[in-house]
Amino acid sequence: MFKEICSNHKAYKNLYNGTWIESSNNLIEIKSPIDGTILGRVQAMEKEDVNKAIKAAKESQIAWKNTPLNQRASILHKASELLKEKAEELSILLQFEIGKNKSSSLSEIKRTSDFIKFTADEGKHIKGETLGGENFPGFSKNKLSFVTRVPLGVVVCISPFNYPINLAASKIAPALVTGNSVVFKPATKGAISGLYLAQIFNKAGVPAGVLNTITGKSSEIGDFLVTHKDINFINFTGSTKTGEHIAKIAGMVPMLMELGGKDPAIVLKDADLKKAAEHIVKGAFNYSGQRCTAIKRVLVIDSIADKLIEKILPLAEKLSVGSPLEDAFITPLIDEKSSDFVESLIEDAVKKGATLLTKNKQSKNLITPVILDRVTSDMQIAWEEPFGPVLPIIRVKDIEEAIKISNASKYGLQASVFTKDINTAFYLSDKLDVGTVQINNEPERGPDHFPFTGVKASGMGTQGIKYSIDAMTRRKTIVFNLDEKTP
Ligand code: G3H
């Protein structure tokens, strides 16, 4: 599978107008978070290369949008199948490239294969509508509006390191099925996996120019890409800082963005504490906390906090720590800069009086799960997104204080509420300023046809299969003005 995209063993090429090309003499090393081994090099593309990719995408989109929808969907079905066939091979790449353990890597790939298939099927149900003028005062049925859905043009898909397959395909597939062409820029960490995915789409029969890949330094080509006059949509997942920057410079180009989060797990007096503890540990420490939807703070009513902690601690201590190749639960973070940041948050909290309930062992970028109790609002960990295996516990006196602290965050992705009382669950859901409230479960984006919305600094617009399809098409209206016929 790597043959075409990989030349002289370890320099990966980019898909441009249907062929894999080397565009530059400059290469960027991709190192494994496991031990720093160089896995390969990707092209550091320059502005002119980006320009060419966008031009190819723009030109090819005309024929692609005129390709019958059922044929576009068939290509996606094929891509879904190919991805499933390559799951084992690709999961090894994910383990090495982003340090995701084997079971989570395989599950990301399977989920993505299902995502592409579901998108192809959903795409086939895109519908227009007709509206009669007579519904509005002063107009008759001789005025008839015929509304169709048309693609936007060139869609820029920028994916993050933590889901290089799923969060790339969840942008590319809806764009393609609706007749858009794509310029895909994977995050540099995870770029080899992203290129592998592009090859799957290419092999499935996406025509030349309809999908093009870009690799390179965002500092050099990022602004050029998102401000290019020939792009029509940006779908970005990544940090809030970068998302805000893109939103500032991109002008009137519509966007979908999934950014950071500080998802709280709110645990109330009547909660099933055993169940809550299980969800909290899974939600906080899955993929070592490197998920935008990870539980990043627990807000627990003080009177039951000790009981909850008693249940959380043994579960956290039992988590295996080590290599993704051995399917450890906690694996090395993506790089040492990230683990140093996590450590700095832990140090700041402990210095300001938080209680460290677990060991805090760091070996380079591998950190054992850390739980901090009695975290207060003057500590950075109360507000910052660590993207690592650390869970702060904030004790609150009542529900109102939990709502207040929850909503004081600049983020608003998801929130979990643990309670047995349906009325309280609804009360809290109404008050929490987030895109999704999970009752008695950890936050999670899936199933992927559910809407996924980030409010405040957590994003813009709604992702999810049907919603992404909707965002990547616009309504085009033809109004028929019929002659008055008298009998
Ligand atoms: O990291 C951000 C992802 O969208 C989270 O997705 O909830 O499926 O882990 P997930």
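Side-chain atoms are counted along with the backbone in the values below, which use heavy atoms only and exclude waters and symmetry mates. Only a predicted model underlies this, so the values are computations on that prediction, with no experimental measurement involved.
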Using a strict 4.0 Å threshold on nitrogen-to-oxygen distance, state whether Glu108 and Lys100 make a salt bridge. yes
Report the C-alpha separation of Val437 and Val417 in whole Å, then their side-chain angles, then the decisive distance to 0.1 Å, and conclude whether the side chain to side chain contact (heavy atoms under 4.5 Å, CB included) test is met. CA-CA 7 Å; Val437 180; Val417 174; 3.8 Å; yes
Side chain to side chain, Asn202 and Leu211, heavy atoms closer than 4.5 Å: no
Backbone N or O of Gly412 within a donor-acceptor pair of the Ser458 side chain at under 3.5 Å? yes
For Asn66 and Ile62, indicate whether the former's side chain and the latter's backbone hold a donor-acceptor pair under 3.5 Å. yes
I'd like to know if Lys55 and Glu59 make a salt bridge, using a cut-off of under 4.0 Å between side-chain N and carboxylate O. yes
Can you find a pair of side-chain heavy atoms, one from Leu413 and one from Val434, that are under 4.5 Å apart? no
Please name the pair of heavy atoms, one in Thr240 and one in Ala457, separated by the smallest distance, quoted to 0.1 Å. OG1-O, 2.8 Å
Can we say Arg41 and Glu29 salt-bridge, meaning some charged N sits less than 4.0 Å from an Asp/Glu carboxylate O? yes
Of all the heavy-atom pairs spanning Leu94 and Ser105, show the shortest one and how long it is. CB-OG, 3.5 Å
Run the side chain to side chain donor-acceptor pair (under 3.5 Å) check on His228 and Asn51 step by step: do they pass? CA-CA 8 Å; His228 197 287; Asn51 197 37; 2.7 Å; yes
Short side-chain to backbone donor-acceptor contact, Thr19 and Tyr16, under 3.5 Å: yes
Interatomic distance, CG@Leu319 vs CD1@Ile330, rounded to 0.5 Å, equals 5.0 Å
Enumerate the salt bridge (Lys or Arg N to Asp or Glu O under 4.0 Å) contacts for residues 225-253, please, sequence neighbours excluded, ordered by first and then second residue. Lys58-Asp230
Could you state the interatomic distance from OG (Ser159) to CD (Glu258), rounded to the nearest 0.5 Å? 11.0 Å
Between the side chain of Ser181 and the main-chain N/O of Ala57, is any donor-acceptor distance below 3.5 Å? yes
Charged N to carboxylate O below 4.0 Å: is that the case for Glu385 and Lys262? no
Side chains of Glu444 and Gln438, donor plus acceptor under 3.5 Å: no
Side-chain contact, heavy-atom cut-off 4.5 Å: Val155 with Asn232? no
Salt-bridge criterion met for Asp470 and Arg475 (N-O under 4.0 Å): yes
Check against side chain to side chain contact (heavy atoms under 4.5 Å, CB included), Met379 and Asp348: CA-CA 7 Å; Met379 301 172 188; Asp348 171 77; 4.1 Å; yes
Would you say the side chain of His449 lies within less than 4.5 Å of the side chain of Phe115, judging by non-hydrogen atoms? no
Any heavy-atom pair between the side chains of Leu315 and Ile312 that's under 4.5 Å? no
Look at atom CZ of Phe161 and say whether more than 12 heavy atoms of other residues, nucleotides or ligands are closer to it than 6.0 Å. yes
Is it the case that atom NZ in Lys217 sees more than 12 heavy atoms from other parts of the structure closer than 6.0 Å? no
Look up atom CG in Leu333 and atom NZ in Lys364, then write down how far apart they are to the nearest 0.5 Å. 14.0 Å
Heavy-atom pair with the smallest gap, counting every atom of Arg149 and Ile126: CB-CG2, 3.7 Å
Evaluation steps, side chain to side chain contact (heavy atoms under 4.5 Å, CB included), between Ile98 and Tyr163: CA-CA 9 Å; Ile98 60 155; Tyr163 279 92; over 6 Å; no
Step by step, would you call Asn162 with Leu167 a side chain to side chain contact (heavy atoms under 4.5 Å, CB included)? CA-CA 8 Å; Asn162 62 345; Leu167 282 172; 4.0 Å; yes
Establish, from distance only, whether the side-chain atoms of Ser113 and Ser80 form a donor-acceptor pair under 3.5 Å. yes
Flag the pair Lys337 / Phe341 as yes when at least one side-chain heavy-atom distance between them is below 4.5 Å, and no otherwise. no
Please examine the side chains of Phe233 and Val182, heavy atoms only from C-beta on, and report whether any two atoms are closer than 4.5 Å. no
Among residues at least two apart in sequence or on other chains, which ones pass ring-ring contact (aromatic ring centres under 6.0 Å, His included) with Phe329? none
Closer than 3.5 angstrom, by distance alone: can the side chain of Gln61 be matched with the main-chain N or O of Gly179 as a donor-acceptor pair? yes
Would you give the length of the straight line joining atom CG of Leu259 to atom CZ of Phe236, rounded to the nearest 0.5 angstrom? 6.5 Å
Test item: Gln290 and Ile334 side chains (from C-beta on) under 4.5 Å apart, heavy atoms: yes
What one should report as the nearest heavy-atom pair of Pro369 and Thr358 is O-OG1, 3.4 Å
Could you give me the CA-CA distance, side-chain angles and deciding distance for Asn166 and Thr112, then say whether side chain to side chain donor-acceptor pair (under 3.5 Å) is met? CA-CA 5 Å; Asn166 186 269; Thr112 308; 3.2 Å; yes
Pairing of Asp114 and Lys110 as salt bridge, 4.0 angstrom limit: yes
Consider only side-chain N and O atoms of Ser104 and Ser107, and report whether a donor and an acceptor are under 3.5 Å apart. no
Any donor-acceptor pair under 3.5 Å linking the side-chain atoms of Asp327 with those of Ser103? yes
Can you confirm whether the side chains of Thr237 and Lys171 place a donor and an acceptor under 3.5 Å from each other? yes
Short question: side chain of Glu97, backbone of Ser193 - any donor-acceptor pair under 3.5 Å? yes
Mark yes or no for whether Asn180, through its side chain, and Met472, through its backbone, hold a donor-acceptor pair below 3.5 Å. yes
Heavy-atom pair with the smallest gap, counting every atom of Val183 and Ala53: CG2-O, 4.1 Å
Around Lys31, counting heavy atoms of other residues, nucleotides and ligands shown, do more than 12 lie under 6.0 Å from its NZ? no
Any chance you could measure Thr213, atom OG1, to Asn14, atom CG, to the nearest 0.5 Å? 3.5 Å
Closest contact, heavy atoms only, Arg291 versus Gly283: NH1-O, 3.4 Å
In this structure, OG of Ser218 is separated from CD1 of Ile158 (nearest 0.5 Å) by 7.5 Å
Side-chain (Ser239) to main-chain (Thr242) donor-acceptor, under 3.5 angstrom: yes
Could you check whether any side-chain N or O of Ser91 sits under 3.5 Å from a backbone N or O of Glu88, counting only pairs where one atom can act as donor and the other as acceptor? yes
Side-chain donor-acceptor pair present, Glu343, Asn360, cut-off under 3.5 Å: yes
For Ile295, does its backbone N or O pair with a side-chain atom of Asp263 as donor and acceptor, under 3.5 Å? no
